[in-house]
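Numbers restart at 1 for each chain; the letters A, B, ... are given by sequence-line order, proteins then strands. Small disclaimer: the values here were computed from a predicted structure and weren't measured.
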Amino acid sequence: MIQITFPDNAVKEFDAPPTGMDVAKSISEGFARNCVAMEIEGQALDLGAVIEKDSAVSFIMAKDDKGLDILRHSSAHVMAEAVLNLYPDAKLTIGPVVEDGFYYDIDMAPVSEADLEKIEAEMKKIIKAKAGFERRVVTRQQAIDLFADNPFKVELINELPEGEEISLYQNGKFVDLCRGPHIPNTGMIKGVKLLKTSGAYWRADQSREQLQRLYGISFFDKKKLNAYLTMIEEAKKRDHRKLGTRLDLFSFHDEAPGMPFFHAKGIAMWNALLDYWRMEHKKDGYVETKTPVMMTRQLWEQSGHWENYRENMYTSTIDDEEYAIKPMNCPGGMILFKTKSHSYKDLPHRAGEIGLVHRHELSGALSGLFRVRAFHQDDAHIFMTPDQIQEEVLNVLKLAERVYARFGLSFHLELSTRPEKSIGTDEQWETATNGLRNAIEAYGQEFMINEGDGAFYGPKIDIHIKDALGRTWQCGTIQLDMALPERFDLTYKGADNEKHRPIMIHRVVYGSMERFFGILVEHFAGKFPLWLAPVQAVILPINQELAPYAKEIQHLLAVHDIRCEVDERSETLKKKIREAQLDYIPLIITIGDKEKEDKVLSVRTLDGKVKMGVTHKEFLTKVCTHIRDRVLEGIEL
RNA sequence: GCCCAUGUAGCUCAGUCGGUAGAGCGCUUCCUUGGUAAGGAAGAGGUUCACCAGUUCGAUUCUGGUCAUGGGCUCCA
C-alpha cells in the first residue's frame, strides 16, 4: 500500500507502487493530459517514474514555468535526434534551456537557413510519432562505452561527481545523456520553431572546438508559438536601425565603425532628452561639468585604467607624449574635485557630466546604437561622507524613477555584492553594501541580489528597465567606488578639523545616451511623444498659392519652440498626409483658404483624428503646455 | 577577436548558369491646384555592382584576402 499526499493535504492510497502518470490519471484524464512532470521532496521526476514509498507529490503542469522549461529541454532532445537522423556524423555536446527557448551545441558542419528548415521538418516527424522518453540508469563505464565516439560526452561523464546517478534518456532510437526529467511524450510539443544558428565554443573557451549552436523555441500551444513569432516580427519592425534610417535620425559609416552620425532630426530628439535630463538634475542639486576627451597616460596610470582597461582604450602619441581617449569620465572628475578644498559642509557634492567616452569594443560585438565604440554617458559623481550613502543612493533611485516614468518604462533593481577579486577592507565593503541595501529597502522595491557580481572597487545597484515589448535593458547603475578616492587622495575637512576620505559614487540614469536613444526608438516604435518627436508638426498647404501663408504659420510655431516643417511640394494633399502619417509626425496641420480667412487650423493627430477650426491661440496654448509638461500620451485638441 | 551570412542607385531590393546592370520609392522638371493615407508624364542618378588581388580573351558574377554590416560566441576596469 502506497500513500500519496497532495499539496492540499488530500491523501490517496494505491495497492501497488504507482507511476506519476497513474497518480495523475487517478485525479482525472484531463488533469493528466496537462501534467508534465512531478516533484517529490523537491526533486523533479518523470511522470513515468514509479513511486516506491509513501510520498508527498506535486505535479508540474503545462502552465507552470517549470513545465515549459521541461518541454523545451525535451524539444532540445528532439532537435538533437533530428540532427543525428540527417547528419549521422554530428557529435552532440550540451543542450540547455535558456530564457527564450533552448539550444543544442553540436560538433558538425555549419548549418544554413535551409538546413534549419530541414531539421525542423524532421523534428515534426519525430513529434508526430508521440514517442515517450525512457529513462535508464547506467554505470559510469557503461555510459563511457556508449558514447565512446563522442569525446564531448565522455568529458562530461568524467566530470560528473562521484556517486551521482548517471541517467540516459531514450526517445525512439535516440539516446542521450541527461538528468531529466522529460515530458511524457513528444506529442506535447504543439508548436516548435528553429530560430537561428551561430558558432559557439565548447565550454565557451576560444581555444576549444568551435561548435554549431542551433536555437529553437517551443510551446505547449501552437497559438503561443504564433504569438511569440508575431512578437519577434513586431520587434523587427521596430528595429531602431531601420527606423533610424527611415526617420532620418542617425546613420553609420565605414569611416567610423561603431560610431554613430546623428542627423538633424536625431539631434532634435537628443537635445529634448538632454533638456529634460538637465531639468531633473538641477532639481536634485547637481551641477554640470565637463572634462577633456583626451588625457595623458600618467592620469590613466594613476586611475588604474592603463593597467586594467588598456585593451579597450584608444591611444595616441602627441609631441612624444602618450595620451589616451577617455573610456570613462571618473578620472577627469577626480581632477575637478581636487581643484579646491572641500568641507564636510559642502557634501554631498553632485557633479554631472554628459561625457563622451570611447571604448574599443570587439568588432563582432557592435550592434546599431546598442553597442557602439563612442558614446555619451549621462554620468555624475557624487562625493559624500559615509553616513550620507543611504540618502544619496535613495535620491538617485527616486530620480531614476521619475525619469523612466516619463517614458512609460517600468524597472527593477539588482544589487551586486563583493566579488572574489576586490580591493578594500571587509569593513569598507560592509559599510558600502549595507548603504546600498538600506537605500533600496528604504525605497521599498523588491530587488535581486547578484552575489559576487560587483565591481572590484565597490558594490553596485543596476537598474533594469522594461520596454513596451517586455524586453529588459540595463540602463541605470549606481556604483560605489572605494578605489579612486584613495588613488587620487581625495579629502574633505571634517567637523573635527581632520582630513577625511570621501565616499564616491558613479551613477548614470540613461546610461549610454546612444543606447537609450535606440531603446526609445524601439519602445515607441518611432511614434514618439510630442515633446520628444523630431518633427512635432508639419504644415500642408492644400495648394501652392497658400505656401507663403503656410510659412507664416511655421514661423509662428517656431517662435513658440515647436519643431515644425512645411511640405510645399506640388503633390496632392492625400499623399502628403499619408507620408506625414508614415513619418509619425504628431501634428499634421492643413492650411486652406478657409483656415487663412478664419485664422484657424485643421489639425490631424497620430491617431488619424482631425480637429477643424482650432484657433491659433488655442492651438499654441494646448501644444506648448503639452510639450512643456512632457506628456507621454497623445494630445487632445 | 572567433564562426556563419550579407554587401548592386539616397532607401528597399531584383539580376547576370562569366559578355561592362534593372525595378519601386525618393530626387529634378512639366502637367494637375488638390480638403484628410499613394494624380499623371518625362528626366537625372551606379567614377559599373564594398575594396584589393588572382583565374580568364573578358569578372559585378568564380577563387583568395581586406573592410563593413547582421546573427551568435566572447569580453564588459
Side-chain angles (χ1 to χ4, degrees), chain A residues 98 103 105 108-116 195-215 236 239 241-242 244-248 251-258 300 303-313 327-328 330-331 357 359-368 370-371 419 421-423 453-458 460 474 477 479 481 483-484 487 506 540-547 568-583 588-595 602-606 608-612:
Chain A
V98 286
Y103 69 79
D105 280 349
M108 63 189 294
V111 177
S112 69
E113 295 272 315
D115 295 334
L116 266 193
L195 299 168
K196 57 198 170 193
T197 68
S198 82
Y201 299 102
W202 173 234
R203 301 260 144 128
D205 182 346
Q206 273 193 46
S207 65
R208 303 295 302 268
E209 294 84 345
Q210 170 91 36
L211 309 169
Q212 298 304 313
R213 177 168 295 179
L214 312 191
Y215 284 90
K236 264 190 205 161
D239 189 318
R241 293 165 298 200
K242 293 221 155 83
T245 304
R246 205 184 95 203
L247 301 180
D248 194 18
S251 55
F252 285 91
H253 303 275
D254 287 3
E255 288 81 353
W300 301 108
S303 71
H305 288 82
W306 196 265
E307 194 188 341
N308 295 303
Y309 202 62
R310 181 73 212 283
E311 64 275 23
N312 285 306
M313 287 161 68
M328 298 180 200
C330 27
V357 297
R359 299 181 184 176
H360 187 264
E361 300 289 350
L362 294 178
S363 59
L366 302 177
S367 175
F370 289 162
R371 200 62 181 268
K421 234 186 88 182
S422 59
I423 58 138
D453 213 28
F456 80 92
Y457 50 78
K460 62 174 178 174
Q474 193 224 303
T477 181
Q479 307 190 350
D481 192 328
L484 285 179
R487 279 175 175 271
H506 313 253
L540 313 179
I542 64 163
N543 65 46
Q544 300 216 284
E545 271 82 71
L546 285 161
E568 53 178 319
R569 290 173 307 163
S570 166
E571 297 288 353
T572 56
L573 187 64
K574 270 174 184 270
K575 179 158 182 170
K576 292 186 198 177
I577 286 169
R578 177 182 148 82
E579 290 183 2
Q581 288 265 182
L582 291 175
D583 284 344
I588 300 169
I589 301 168
T590 44
I591 298 279
D593 295 311
K594 236 188 307 177
E595 282 76 10
S602 292
V603 187
R604 183 181 172 120
T605 38
L606 258 191
K609 285 187 193 142
V610 182
K611 179 94 186 263
M612 320 263 264

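For A/Arg569, the side-chain contact (heavy atoms from CB on, under 4.5 Å) criterion is met by A/Asp567, A/Glu571, A/Lys576, A/Glu579, not counting sequence neighbours. Residues forming a ring-ring contact (aromatic ring centres under 6.0 Å, His included) with A/Tyr215 (at least two apart in sequence, or on another chain): A/Tyr103. Judged as a salt bridge (charged side-chain N to carboxylate O under 4.0 Å, His left out), and not counting sequence neighbours, A/Asp593 has no contacts. Listed by chain and residue number, A/Glu155, A/Glu159 satisfy the salt bridge (charged side-chain N to carboxylate O under 4.0 Å, His left out) test with A/Arg203 (two or more places apart in sequence, or in another chain).
Taking 4.0 angstrom as the limit, A/Thr245 places none of its side-chain polar atoms (N or O) nearer than this to OP1 or OP2 of B/C11. For A/Arg246 and B/C11, the shortest distance from a side-chain N or O to OP1 or OP2 is not below 4.0 Å. A close approach under 4.0 Å does occur between a side-chain nitrogen or oxygen of A/Lys196 and OP1 or OP2 of B/G72. Within the structure, every side-chain polar atom (N or O) of A/Lys574 is placed at least 4.0 Å from both OP1 and OP2 of B/U36. Put simply, A/Tyr201 has no side-chain N or O that comes within less than 4.0 Å of OP1 or OP2 on B/G1. For A/Arg604, a side-chain nitrogen or oxygen approaches OP1 or OP2 of B/A37 to under 4.0 Å.
When all heavy atoms of A/Pro419 and A/Gly454 are compared, the closest pair comes out as CG-O, 3.3 Å. Across all their heavy atoms, A/Phe252 and A/Gly258 have their closest contact at CE2-C, 4.1 Å. Scanning all heavy atoms of the two residues, the minimum distance from A/Leu247 to A/Leu582 falls at CD2-O, 4.5 Å.
Which of B/A37, B/G39, B/U69 sits closest to the side chain of A/Arg578 comes down to B/A37. Closest approach to the A/Lys594 side chain among B/C73, B/A68, B/G35 is made by B/G35 (side chain taken as heavy atoms from C-beta onward). Nearest to the side chain of A/Leu362, among B/G70, B/G1, B/C76, sits B/G1. Of all nucleotides listed (B/C73, B/C75, B/C31), B/C31 comes nearest to the side chain of A/Ser570. Candidate nucleotides B/A38, B/G35, B/C73 were compared by shortest atom distance to the side chain of A/Ser602, and B/G35 ranks first. Closest contact between the side chain of A/Ser363 and the listed nucleotides B/U36, B/G1, B/U33 involves B/G1.
When heavy atoms are screened at a 4.0 angstrom cut-off, A/Ala455 is found touching no nucleic acid atom at all. When heavy atoms are screened at a 4.0 angstrom cut-off, A/Arg310 is found touching no nucleic acid atom at all. At a threshold of 4.0 angstrom between heavy atoms, the contacts of A/Asp593 include nucleobase atoms, whether or not backbone atoms are also involved. Nucleic acid contact class of A/Gly368 (heavy atoms, under 4.0 Å, all strands): sugar-phosphate only. No engagement by A/Lys576 is indicated, since no non-hydrogen atom pair under 4.0 Å with the nucleic acid exists. Among the heavy atoms of the strands lying under 4.0 Å from A/Leu366 are primed sugar atoms or P, OP1, OP2 only; no base atom is included. A/Tyr457 comes within 4.0 angstrom of a base, heavy atoms only. Note on A/Arg213: only backbone sugar-phosphate atoms sit closer than 4.0 angstrom, heavy atoms only; bases stay farther off. Nucleic acid contact for A/Gly258: sugar-phosphate only, since backbone atoms but no base atoms lie under 4.0 Å from a heavy atom of the residue. When heavy atoms are screened at a 4.0 angstrom cut-off, A/Glu595 is found touching base atoms of the nucleic acid. Across all strands, A/Ser367 comes closer than 4.0 Å only to sugar-phosphate atoms, never to a base (heavy-atom distances).
A donor-acceptor contact shorter than 3.5 Å is absent between the side chain of A/Arg604 and the backbone of A/Gln581.
With rounding to whole Å, A/Asp105 atom CG is found 14 Å from B/C2 atom C1'. Between the P atom of B/U6 and the CZ atom of A/Arg241 lies a distance of 18 Å, rounded to the nearest Å. When the C1' atom of B/G7 is taken as reference, atom CZ of A/Phe252 falls 17 Å away, rounded to whole Å. A/Leu540 has its CG atom 14 Å from the C1' atom of B/A38, to the nearest Å. Between the P atom of B/A5 and the CG atom of A/Leu195 lies a distance of 19 Å, rounded to the nearest Å. Atom CD1 of A/Ile577 is separated from atom C1' of B/A37 by 7 Å (rounded to the nearest Å). Across the protein-nucleic acid pair, A/Glu255 atom CD and B/U69 atom C1' stand 14 Å apart, rounded to whole Å. A straight line from CD1 of A/Ile591 to P of B/G35 spans 16 Å, rounded to a whole angstrom.
Residues A/Tyr309 and A/Arg359 have side chains in contact (heavy-atom distance under 4.5 Å, counting atoms from C-beta outward). Within the 4.5 Å cutoff, the side chain of A/Arg213 has no heavy atoms near those of the A/Leu211 side chain. Considering only heavy atoms from C-beta on, A/Pro327 stays 4.5 Å or farther from A/His360 through its side chain.
The same atom, C1', is picked in B/U63 and in B/U56; the two are 12 Å apart, to the nearest Å. Comparing the P positions of B/G72 and B/A9 gives a spacing of 26 Å, expressed to the nearest Å. One C1' atom belongs to B/A38, the other to B/C4, and the distance between them is 40 Å to the nearest Å. To the nearest whole angstrom, the two C1' atoms, one in B/G40 and one in B/A50, are 38 Å apart. Taking atom P in both B/U16 and B/C57, one finds a spacing of 24 Å when rounded to whole Å. Comparing the C1' positions of B/G15 and B/G46 gives an interatomic distance of 15 Å, to the nearest angstrom. For the C1' atom pair drawn from B/C62 and B/C76, the interatomic distance equals 41 Å after rounding to whole Å. Only the C1' atoms considered, B/U60 is 27 Å distant from B/C3, to the nearest whole Å.
Listed by first residue number, the stems of RNA chain B with at least three Watson-Crick or G-U pairs below 3.5 Å are B:1-7 with B:67-73, B:10-13 with B:22-25, B:27-31 with B:39-43, B:50-54 with B:62-66.
Judged by closest nucleotide on RNA chain B, A/Leu211 is the one of A/Leu582 and A/Leu211 placed further toward the 5' end. Both A/Glu545 and A/Val610 lie close to RNA chain B; mapped to their nearest nucleotides by heavy-atom distance, the more 5′-ward contact belongs to A/Glu545.
Between A/Trp300 and A/His305, the ring planes lie perpendicular to each other; the angle is over 60°, past the 30° to 60° tilted range.
Under the 3.5 Å distance criterion, with hydrogens and angles disregarded, no donor-acceptor pair is assigned to the side chains of A/Thr590 and A/Glu595.
Distance check: A/His506 NE2 to A/Thr477 OG1 gives 9.5 Å after rounding to the nearest 0.5 Å.
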Can you check nucleotides 24-27 of chain B for protein contacts, nitrogen or oxygen pairs under 3.5 Å, and list what you find?
from, atom 1, to, atom 2, distance (Å)
B/G26, OP1, A/Lys575, NZ, 3.0
B/G26, OP1, A/Glu579, OE2, 3.3

